[in-house]
Participant: 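Input: one structure, supplied below.
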Amino acid sequence: MDTLRLYDAAGTESAPLKRYPLCVSLLPQIRRCCALACVMLLAGFSACVPPRAELVVANGPDVEVLDPQITSTTAGGRIFSALFEGLTRLDPATLEVVPGLAESWSKEDPAGRVWTFTLRENLRWSDGSHLTVEDVRASWRRLALPATGADYAAWMKDAEVLINLEQRSVQVHFPTPQPLFDRMCAFHALAPIPAALRNAAPGTAPSVLPCSGPYQFLERRIRDRIRVTSNPHYWRDVDLGFESIDFLTLDSQFTALNLFLSGDVWFTPNVPDLAVPALLREYASAFQPQAQFATYFLRFQILNGPFQDKDLRLALIHSIDRSVVAKNLGGGRPAAHSLVPPFAPGYPEVAGPNFDLNLAKAALARYRKSHPGPLPHLEYLYPSSDFNRKLAEVLQQQWSLNLGVEVALANQEAKTFFPAQRGLEYQVSHSSWVGDYLDPLTFLENFVAGSGNNRTGYANPEYAKLLDWAADCGDPVLRFDLLAQAESLLLEEAVIVPLLLDVGQELVSPKLGGFQRNASGVIDWAALYPESEVR
Amino acid sequence: MRIVRRLCAWIFGILMVHLLAFLMMRTTRGGPFDSARALDPIVQRALEQRYGLDQPLLVQYGHALSGLIRGDFGPSLRYRDTQVSTLLADALPISLILGGGALLIALLIGIPAGLYCARRARSFDGKFLHAGGALLLALPNFVLAGLLLAIFSFQLGWLPPAGLGGVRNFLLPWLCLGLPLSAQILLLVRSKAKQALCSDSVRHATAEGLPPRIIVRRYVLRPSLGPVIAFLGPASAAILTGSLVIEKVFALPGLGTFFVQAALSRDYTLALGVTVVYTALLGLCTLLADLLMARMDPRLEAVS
């Protein structure tokens with residue numbers, strides 16, 4: 001029945017057609033392939049399905065290197081604060097420096113060139129081995145080594161570290177004053193790291209990573225999650241609310257928000273700006289954006305090009321209405337009037353440039369008088385991203401509407417943008433800075449001549465002198481006063497334009513207790529607990 | 001002999017793509033250690049020295065080439081404590097599960113729907129299905145992902161919105177990747193099947209009184225599968241190596257994201273690794289498709 005017979009015109013039967021081996025039907029083959037694929041898929045799942053941790057949080061972009069000295073991202077900081085404790089810690093409620101691995105410390109001279117820390121007795125790594133002052137010295141030495149490739153190598157460069165094993169004391173001598181070293185010690189780059197990590201061969205990660213924080217490292221799945229479990233040898237006698245935590249890698253804020261809304265994660269550090277109004281309306285208790293110690297600002301390139309002229313810079317600066325910028329960008333970011341966000345306790349308020357069209361127009365008129373003819377081609381450079389594009393467009397509109405000056409927009413992807421900005425190949429450009437520790441210096445030190453983060457061509461000996469005086473001065477009030485003078489000078493010279501403060505857009509489930517919002521994004525993971533639990 | 005020739009061409013293709021990718025990465029501005037926070041120049045030099053980036057380009061290419069031959073791409077420059085081969089080995093299974101499932105869905109929906117459309121080309125349901133296929137093809141996959149998420153995760157609450165977990169976590173990504181592909185297959189099968197339905201062989205078979213099931217299977221399906229296989233060769237290589245958008249939306253750690261991330265972060269070694277994997281897979285899938293087509297239609301073999 002399966003043979004097809006053909007007949008010629010005379011009606012005689014021709015030879016039956018030969019069948020090809022595959023031609024009977026392809027369906028059985030397809031069916032077999034499908035069955036095989038199904039089996040392979042199901043087998044694949046056994047390899048990639050991790051069981052759930054007790055607490056699951058969205059942690060943003062991937063932590064590329066599990067090494068607190070090398071990774072300096074905020075996402076990395078969140079994980080490292082669970083795994084590695086510094087000699088000091090920051091209280092998440094007040095951001096005051098409180099004892100960590102060190103039970104006490106002292107500044108041996110008023111300027112802070114010599115510091116002595118005394119470690120707690122009987123400190124242990126999570127594998128039970130002793131954590132000693134030798135670990136501290138070796139970690140700090142490794143941080144300073146160029147081959148380590150640490151962003152913060154300069155912090156320990158040329159520092160001499162002396163230890164006393166019996167007294168458990170570490171003394172560090174700096175060539176220049178470090179008045180805030182105790183605060184810096186709370187930052188993960190200065191936390192002691194275990195020998196396994198210090199001695200790991202380049203390009204490899206240690207198989208076992210002993211930790212000193214409330215949690216210890218358990219597993220890392222690149223671009224999926226990092227899992228930590230409780231550290232039985234943590235020095236603080238705390239009853240952890242969660243036995244294990246999963247830090248999920250989520251490149252998309254929309255995905256993080258979806259997971260939060262479905263109840264799969266209890267915390268996400270950022271939300272899409274688009275969702276902010278709805279979250280403020282409907283999740284008022286879970287979502288309370290708080291300004292951070294981080295600023296969005298503009299850099300002018302003042303060595304050559306049109307912005308060499310201060311009048312043109314002033315014209316552009318005074319024609320920006322920050323309230324309009326903040327409103328159009330959304331996301332709850334407040335306007336910034338100074339470079340240093342107003343959160344460093346005791347730091348005086350520095351008056352920055354304001355929106356004043358008369359000043360702007362007068363400055364432009366002065367510029368036109370000294371440079372007759374048409375305005376040169378002006379260009380604003382920014383690193384490609386949705387947020388940066390939106391900010392650029394708002395600024396372009398402000399300059400066009402308020403001042404009648406047309407500024408062209410140009411964007412480059414980040415890896416091209418930063419070398420261009422560093423090489424001063426721009427006129428005016430987008431910038432942002434996140435303070436490493438709660439002190440104005442972390443912003444102001446960038447603008448001394450020769451700093452890799454200056455990127456403006458600004459080199460004012462008076463500015464450098466003010467910072468030097470501040471560094472040498474033992475009196476905290478006078479120090480802040482000098483730093484404020486330096487900031488005023490920088491703003492008066494119109495080298496940079498503060499625009500907006502960044503905000504912490506933490507979305508915290510009501511089920512998660514013990515969470516403290518603050519301006520530095522510090523989280524005490526040991527203090528978190530499931531809200532239903534009676535404590 | 002023909003296969004040997006094709007395999008040689010495949011290896012040559014990989015080497016050429018490797019060379020081109022190497023040159024393109026190195027002539028692009030910016031390096032793996034450039035970031036918003038400037039590194040101390042001494043630290044930057046030490047890092048470049050450690051990864052051999054301070055050597056002449058020719059020497060660096062020599063290292064990359066010997067690595068390729070040994071199958072060792074070296075450490076990633078972004079994931080500095082991880083080897084590129086480890087990154088690829090971790091991500092490839094996820095991509096294969098994602099892409100394999102999507103292909104399966106595409107074939108299971110696309111082929112029957114295409115045949116149905118062709119047989120009922122003039123009726124309303126055939127036209128409706130055809131239009132639906134065209135619409136699905138035009139829909140960007142992030143829109144489809146958004147729609148499916150809104151319905152299945154939030155309205156009905158049946159499926160988790162993202163993350164690794166189990167079969168349930170893969171259903172939406174499979175649909176998002178598979179449905180547009182099934183629409184493509186539907187259109188390919190439909191146009192070929194319509195031709196086949198008007199062919200002499202079908203007329204004869206109908207006159208012979210063969211049941212329609214057999215006629216469709218033998219004289220309509222077989223010629224219709226040719227273009228599908230030709231299309232699926234390169235398409236399956238693309239779909240098996242992951243999709244940036246779907247991986248990002250559903251937080252799946254597959255290979256797709258590496259293609260873009262490695263280039264953007266100037267992770268030279270990882271970028272070369274993913275390029276080679278994709279080229280190799282593309283060559284293999286195309287070769288397989290060609291062999292399969294030649295077996296299905298011996299005339300092709302005669303021509304080649």
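Each chain gets a letter, A, B and so on, in the order the sequences are listed, and its residues count up from 1.
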Participant: Which bit of A/N454 comes within less than 4.5 Å of chain B, counting heavy atoms only: side chain, backbone, both or neither?
Facilitator: neither
Participant: Can you say whether A/S431 sits under 4.5 Å from chain B via the side chain, the backbone, both, or neither, judging by heavy atoms?
Facilitator: neither
Participant: Taking all atoms of both residues into account, what is the closest heavy-atom pair of B/L164 and A/R225, and its distance?
Facilitator: O-NH2, 3.7 Å
Participant: Counting only heavy atoms closer than 4.5 Å, note whether A/A414 contacts chain B via side chain, backbone, both or neither.
Facilitator: neither
Participant: Among A/T204, A/I70, A/D67, exactly one meets side chain to side chain contact (heavy atoms under 4.5 Å, CB included) together with B/R80. Which residue is that?
Facilitator: A/I70
Participant: Check the surroundings of atom CG in A/D386: do more than 12 heavy atoms from other residues, nucleotides or ligands lie under 6.0 Å from it?
Facilitator: no
Participant: Among the options B/P93, B/P32, B/S265, pick out the one with the most heavy-atom pairs lying under 4.5 Å from chain A.
Facilitator: B/S265
Participant: B/F33 versus A/K415: any side-chain heavy-atom pair under 4.5 Å?
Facilitator: no
Participant: State whether B/R29 and A/E425 are salt-bridged, where the test is any N-O pair (Lys NZ or Arg NE/NH1/NH2 against Asp/Glu carboxylate O) under 4.0 Å.
Facilitator: yes
Participant: Could you look at B/R50 and say if it's the side chain, the backbone, both or neither that has a heavy atom under 4.5 Å from chain A?
Facilitator: side chain
Participant: Pick one of side chain, backbone, both or neither for B/L149, based on which atoms fall under 4.5 Å of a heavy atom in chain A.
Facilitator: side chain
Participant: So how far is it from B/D40 CG to A/D151 CG, rounded to the nearest 0.5 Å?
Facilitator: 10.5 Å
Participant: Pick one of side chain, backbone, both or neither for B/Q44, based on which atoms fall under 4.5 Å of a heavy atom in chain A.
Facilitator: neither
Participant: Looking only at heavy atoms and a cut-off of under 4.5 Å, which of B/P41, B/G163, B/S76, B/A46 has the most pairs with chain A?
Facilitator: B/A46
Participant: Measure distances from B/S35 to the heavy atoms of chain A and classify the residue's part below 4.5 Å as side chain, backbone, both or neither.
Facilitator: backbone
Participant: Which bit of B/I42 is near chain A, if near means a heavy-atom gap under 4.5 Å: side chain, backbone, both or neither?
Facilitator: both
Participant: With a 4.0 Å cut-off on N to O distance, would you call B/R78 and A/D62 a salt bridge?
Facilitator: no
Participant: For each of B/G74, B/A36, B/A251, B/P75, tally heavy-atom pairs with chain A at distances under 4.5 Å, and name the one with the top tally.
Facilitator: B/A36
Participant: Is there a side-chain contact between B/R266 and A/T416 (heavy atoms, below 4.5 Å)?
Facilitator: yes
Participant: Of the backbone (N, CA, C, O) and the side chain (C-beta and beyond), which part of A/Y152 lies under 4.5 Å from a heavy atom of chain B, both, or neither?
Facilitator: side chain
Participant: In plain terms, say whether B/D81 and A/R220 are close enough for a salt bridge, that is, a side-chain N and a carboxylate O under 4.0 Å apart.
Facilitator: yes
Participant: For chain A, which candidate among B/Q49, B/K248, B/R45, B/Q261 shows the most heavy-atom pairs at distances under 4.5 Å?
Facilitator: B/K248
Participant: Looking at A/P206, A/G452, A/P419, A/G263, which makes the most heavy-atom pairs under 4.5 Å with chain B?
Facilitator: A/P419
Participant: Hey, could you give me the OG/CG distance between A/S262 and B/L159, rounded to the nearest 0.5 Å?
Facilitator: 11.5 Å
Participant: Measuring from atom CG of B/D90 to atom CD1 of A/I222, what distance do you get when rounded to the nearest 0.5 angstrom?
Facilitator: 6.5 Å
Participant: Heavy-atom pairs under 4.5 Å with chain B - which of A/L259, A/N446, A/L248 has more of them than the others?
Facilitator: A/L259
Participant: Considering only heavy atoms, which portion of B/S153 lies under 4.5 Å from any heavy atom of chain A: side chain, backbone, both, or neither?
Facilitator: neither
Participant: Which heavy atom of A/R422 sits nearest a heavy atom of B/R37, and at what distance?
Facilitator: NH2-C, 4.4 Å
Participant: Look up atom OG1 in A/T255 and atom CZ in B/F250, then write down how far apart they are to the nearest 0.5 Å.
Facilitator: 8.5 Å
Participant: Examine whether an atom of A/A150 lies under 4.5 Å from a heavy atom of chain B, and if so say whether it belongs to the side chain, the backbone or both; otherwise answer neither.
Facilitator: backbone
Participant: Which atoms of A/L261 are under 4.5 Å from chain B, going by heavy atoms: the side chain, the backbone, both sets, or neither?
Facilitator: both
Participant: A/R223 and B/T257: side-chain donor and acceptor closer than 3.5 Å?
Facilitator: yes
Participant: Of the non-hydrogen atoms in A/V65 and B/Y79, which two are nearest, and what is the gap between them?
Facilitator: CG2-C, 4.4 Å
Participant: Please name the pair of heavy atoms, one in B/P161 and one in A/D264, separated by the smallest distance, quoted to 0.1 Å.
Facilitator: CD-OD2, 3.4 Å
Participant: What part of B/L103 gets closer than 4.5 Å to chain A, counting heavy atoms only: side chain, backbone, both or neither?
Facilitator: neither
Participant: Looking only at non-hydrogen atoms, find the nearest pair between B/V43 and A/A153 and report the distance.
Facilitator: CG2-CB, 3.7 Å
